[in-house]
Structure formats: structure tokens, C-alpha cells
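Data block below; observations after.
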Amino acid sequence: MADQLTATAADAPLAALRAAGVLERVAARVVRETAGALCDAGMSAETVATGLGTTRSKALVLLLAAQDR
């Protein structure tokens, strides 16, 4: 997909930018929904951090933001 967007950017930069924006919004929605499910399941920030390879702080922010959905 990245290669296609890169090729499209050379030929039709506005179309590539539009497609990238759509992908960004879809990814953000999936992150919120998935983080919400993890939160509902009682998943700890430590477990999420380990699974994502990130810090506990970043995982906690992700889970707390999902509670506001």
C-alpha cells in the first residue's frame, strides 16, 4: 500500500494526500475501538505497553483516551 501511495504521489499528489488522510482516519478509529475493547477487558497499561513495545505512560494515555469514547 505504501508503494502504491508513493507512486500515486508522483502522478497525482492531491489524490495521494487524500488517500493518506483517509487511511489516517481509519487507523485512528481502529486504535480507539481496540483500545476501548482492551480497556473494557481490564487490560493493564503495563500489558498494553509490552504488547506495543512502548512505555507505560503512552499506553496509559491510549487507554484513558479510549475511556472517553
Side-chain angles (χ1 to χ4, degrees):
M1 191 178 299
D3 289 341
Q4 262 185 320
L5 277 176
T6 301
T8 302
D11 297 331
L14 287 177
L17 188 59
R18 188 172 29 253
V22 169
L23 288 172
E24 196 172 49
R25 288 187 295 279
V26 168
R29 187 186 65 213
V30 170
V31 166
R32 282 191 308 273
E33 290 174 4
T34 304
L38 293 173
C39 200
D40 292 346
M43 187 78 58
S44 72
E46 290 82 7
T47 302
V48 173
T50 300
L52 294 176
T54 190
T55 65
R56 181 189 174 283
S57 294
K58 289 181 181 179
L60 187 57
V61 167
L62 184 68
L63 293 172
L64 289 174
Q67 288 180 343
D68 293 336
R69 60 188 162 96

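For the pair A59 and A49, the tightest heavy-atom approach, listed with the atom from each and the gap, is CB-N, 3.6 Å.
A distance of 12.5 Å separates CZ in R18 from CG in L23, rounded to the nearest 0.5 Å. Atom CE in M1 sits 12.0 Å away from atom OG1 in T6 (nearest 0.5 Å).
Connectivity analysis of hydrophobic side chains (ILVMFWY, heavy atoms under 4.5 Å, direct or indirect) links V31 to L38, M43, V48, L52, L62, L63.
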